[in-house]
2 protein chains.
Amino acid sequence: MEATCQCNTVNMDKVTQGKAVLMTENVAGDLANLYKVFGDPTRVKILHLLSVTELCVCDIANVLEMTQSAISHQLRVLKQAKLVRNRKDGKTVYYTLDDDHVHTILKQGLDHISHVL
Amino acid sequence: MEATCQCNTVNMDKVTQGKAVLMTENVAGDLANLYKVFGDPTRVKILHLLSVTELCVCDIANVLEMTQSAISHQLRVLKQAKLVRNRKDGKTVYYTLDDDHVHTILKQGLDHISHVL
DNA sequence: ATAACATATGAATACTTGTTCATATGTTCA
DNA sequence: TGAACATATGAACAAGTATTCATATGTTAT
């Protein structure tokens, strides 16, 4: 976590400029944690499904053919990241996207991977 | 990786609709892998730095106060994801962002975390 | 060619994380 | 109240990953 490299190529102007621009540890950490939430196939699928329609835990489990427990764990992660929201109707809990950024981030991601192929 | 949940709440219409919309394993995997690349503080910092100016490996190491090796490993990941590009000038290798999606994804991410605070 | 240097890479380790299994919480209806 | 059900949660294990250390590759100048 320390020890600067010892090259002579270092352009001190660029380095000081870079240090000025550099994200704080907190911002970089928060941002990385946000993207990390997108960084799992199951969660990406869930987010994409929820971008189409509201669904309950059980529905999602059936669509993805995964256990209720696995889905519930993932929904908790998504909720902590404020990417999804839920409403309770009796026993069942319905989930929706919480945020417009989700649409944009998903769209840009899809654009990127299709552009790269 | 199997076993559907056995609720009765299942709305068959929504489930079949969901299955129709569901991403393929490949797309979800590629997309998740892309976001995973953004899901590390070091890489986020590097991407953000490169969104300001072109930098060589050594410069980046100095700005982040990390070893040349660590940075080089991360740059390889970024390059494989087609997020950065490099040009060689003698011994030194300069890196730049490869793609406009990077800007947008970073911006949306920043918007999201600042909106959430 | 050789020395000096900038970057890349491989193996190893410590750490994180997604799923499963078992069980807890909370809600509805009889 | 109690049974049935939908969801949530905790512990544990397997699989993936970021950094370090040592070293390899490739470039420049003498």
Side-chain angles (χ1 to χ4, degrees), chain A residues 1-11 14-15 25 28-29 32-46 54-62 64-81 84-95, chain B residues 1-11 14-15 25 28-29 32-46 54-62 64-81 84-95:
Chain A
M1 250 45 156
E2 80 299 320
T4 298
C5 108
Q6 62 279 35
C7 323
N8 302 325
T9 318
V10 182
N11 181 337
K14 286 199 168 183
V15 170
E25 208 62 47
N33 283 331
L34 172 64
Y35 294 127
K36 216 175 289 183
V37 174
F38 284 85
D40 175 80
T42 302
R43 288 195 293 265
V44 167
K45 288 183 205 163
I46 294 175
E54 179 186 66
L55 290 170
C56 72
V57 180
C58 198
D59 290 340
I60 301 173
N62 276 279
L64 297 196
E65 295 180 348
M66 293 177 63
T67 62
Q68 174 270 323
S69 178
I71 301 300
S72 186
H73 278 294
Q74 297 295 21
L75 286 170
R76 190 163 61 89
V77 175
L78 291 170
K79 195 183 174 189
Q80 279 173 346
V84 304
R85 199 172 26 199
N86 57 14
R87 70 178 179 87
K88 291 181 83 169
D89 182 8
K91 286 175 283 185
T92 76
V93 180
Y94 290 96
Y95 283 83
Chain B
M1 251 44 155
E2 81 299 320
T4 298
C5 109
Q6 62 278 36
C7 324
N8 302 323
T9 317
V10 182
N11 181 338
K14 285 198 169 184
V15 170
E25 207 63 47
N33 283 331
L34 171 64
Y35 294 127
K36 215 175 290 182
V37 174
F38 284 85
D40 177 81
T42 302
R43 288 194 292 264
V44 166
K45 289 183 204 163
I46 294 175
E54 179 186 65
L55 291 170
C56 72
V57 180
C58 198
D59 290 339
I60 300 174
N62 275 279
L64 298 196
E65 294 179 351
M66 292 176 64
T67 62
Q68 173 270 323
S69 178
I71 301 300
S72 185
H73 277 294
Q74 298 294 21
L75 286 169
R76 190 162 61 89
V77 174
L78 291 170
K79 196 183 173 189
Q80 279 173 346
V84 304
R85 198 172 25 198
N86 57 14
R87 69 177 179 87
K88 292 182 82 169
D89 181 9
K91 286 176 282 186
T92 76
V93 180
Y94 290 96
Y95 282 83

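Chain letters run A, B, ... following the sequence lines, proteins first and then strands; every chain starts at 1. The basis for the numbers below is simple: all heavy atoms, side chains too, and nothing from hydrogens, waters or symmetry mates. Predicted model only: the values in this text are computed from it and were never measured.
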Taking 4.0 Å as the cut-off, does a side-chain nitrogen or oxygen of Thr42(A) come that near to OP1 or OP2 on dT19(C)?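 So the side-chain polar atoms of Thr42(A) do come within 4.0 Å of the phosphate oxygens OP1 or OP2 of dT19(C), strictly under.
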Is Thr67(B) close enough to dT20(D) that one of its side-chain N or O atoms is under 4.0 Å from OP1 or OP2 there?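 Yes, because at least one side-chain N or O of Thr67(B) sits under 4.0 Å from OP1 or OP2 of dT20(D).
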How close do [X] and [Y] get, counting heavy atoms only, and between which atoms?
| X | Y | answer |
| --- | --- | --- |
| Phe38(A) | Val44(A) | O-CG2, 3.0 Å |
| Ala32(A) | Pro41(B) | CB-N, 3.5 Å |
| Val37(B) | Ala81(B) | CG2-CB, 3.8 Å |

Would you call Lys45(B) and Glu25(A) a salt bridge, using N to O less than 4.0 angstrom?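 Counted as a salt bridge, because a side-chain N and a carboxylate O are separated by less than 4.0 Å.
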Integer-rounded Å distance: [N] [atom2] and [X] [atom1]:
| X | N | atom1 | atom2 | value |
| --- | --- | --- | --- | --- |
| Asp89(B) | dA29(D) | CG | P | 10 Å |
| Lys91(A) | dA6(D) | NZ | P | 5 Å |
| Tyr95(A) | dT7(D) | OH | C1' | 8 Å |
| Ile60(A) | dT19(C) | CD1 | P | 13 Å |
| Met66(B) | dA18(D) | CE | P | 11 Å |
| Glu25(A) | dA18(D) | CD | C1' | 14 Å |

Residue [X], side-chain atoms from C-beta onward, closest of [options]:
| X | options | answer |
| --- | --- | --- |
| Ser69(A) | dA6(D), dA6(C), dC21(C) | dC21(C) |
| Val93(B) | dA8(C), dG26(D), dT27(C) | dA8(C) |
| Lys88(B) | dT27(D), dA8(C), dA8(D) | dT27(D) |

First locate atom [atom1] of [X], then atom [atom2] of [Y], and finally report the distance between them rounded to the nearest 0.5 Å.
| X | Y | atom1 | atom2 | result |
| --- | --- | --- | --- | --- |
| Leu64(A) | Asp59(A) | CG | CG | 10.5 Å |
| Arg87(A) | Glu54(A) | CZ | CD | 4.0 Å |
| Ile60(A) | Leu75(A) | CD1 | CG | 5.0 Å |

Using a 4.0 Å cut-off on heavy atoms, which residues in residues 70-81 of chain B reach DNA chain D? List them by number, or say none.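 The answer is Ala70(B), His73(B), Gln74(B).
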Assess whether one donor atom and one acceptor atom, taken from the side chain of Gln68(B) and the base of dA6(C), lie less than 3.5 Å apart.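 Absent.
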Tell me, which of residues 32-39 of chain A have any heavy atom that sits under 4.0 Å from an atom in DNA chain C?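 Those residues whose heavy atoms fall under 4.0 Å from DNA chain C, taken from residues 32-39 of chain A in numerical order, are Lys36(A).
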Report the end-to-end axis angle of the helix from dA1(C)-dT30(D) to dA30(C)-dT1(D); each axis comes from five terminal pairs, and the value is rounded to 10°.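 Taking five pairs per end, the axes differ by 30°.
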